[in-house]
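These notes are about the structure you will find just below.
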Amino acid sequence: MLAGVLDQFGVESSSHVTLFTDSHVVRGTLRTRQRRLTAVLNATDASFVVLEEVILEDFGVRATIERADYAQVNLATILFAVAEVMVEATPELRTMKVPER
């Protein structure tokens, strides 16, 4: 049961994400070994996230400002983030809840 979770943790995957920062909308591809976007954003070992194939737009304006192969986005500037792919829940990681009186 736990072996399946550990095997999945080591697999690198990529997903398209949209990051809304205090000044820009950043769209790109995120490569990570984490399953969920929240795990990437809450990681304590780095203060930034790196995206590939990036499109930068001014926040509130729909004109494309710039395209780049890579972009480093400071985690402190991210207001919210959206992943294009929905992640299914892993039954092995669920906490069983027991009702109490």
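All values below were derived from every heavy atom in this structure, side-chain atoms included, with hydrogens, water molecules and symmetry-related copies excluded.
Among all heavy-atom pairs drawn from Leu41 and Ala81, the shortest one is CD1-CB, 3.7 Å. Nearest heavy-atom pair, Ile65 versus Glu57, reported as atom, atom and distance to 0.1 Å: CD1-C, 3.8 Å. What you find for Ser13 and Gln34 is that their closest heavy atoms are OG-O, 4.5 Å. Across all non-hydrogen atoms, the minimal contact from Ser14 to Thr29 is CB-CG2, 3.7 Å.
No chain of hydrophobic side-chain contacts below 4.5 Å, direct or via other Ile, Leu, Val, Met, Phe, Trp or Tyr residues, connects Val50 to Ile78.
Partners of Thr18 under the side-chain contact (heavy atoms from CB on, under 4.5 Å) rule, at least two apart in sequence or in another chain, are Phe20, Val25, Arg27. Remark: Glu52 pairs with Arg31 by the salt bridge (Lys or Arg N to Asp or Glu O under 4.0 Å) rule, at least two apart or across chains.
The line from CD of Glu53 to CG of Asp69 is 8.0 Å long, rounded to the nearest 0.5 Å. Going from atom CG of Asn42 over to atom CZ of Arg36 covers 8.5 Å, rounded to the nearest 0.5 Å.
A 4.5 Å side-chain heavy-atom check between Leu30 and Leu37 finds at least one atom pair inside the cut-off. A 4.5 Å side-chain heavy-atom check between Val73 and Thr21 finds at least one atom pair inside the cut-off. Annotation: side chain of Val17 is not in contact with side chain of Val82 (no heavy-atom distance under 4.5 Å). When side chains are defined from C-beta on, Val54 does not count as touching Arg67, because their heavy atoms never get closer than 4.5 Å.
Remark: Asp22 CG is packed, more than 12 non-hydrogen atoms of other residues, nucleotides or ligands lying under 6.0 Å away.
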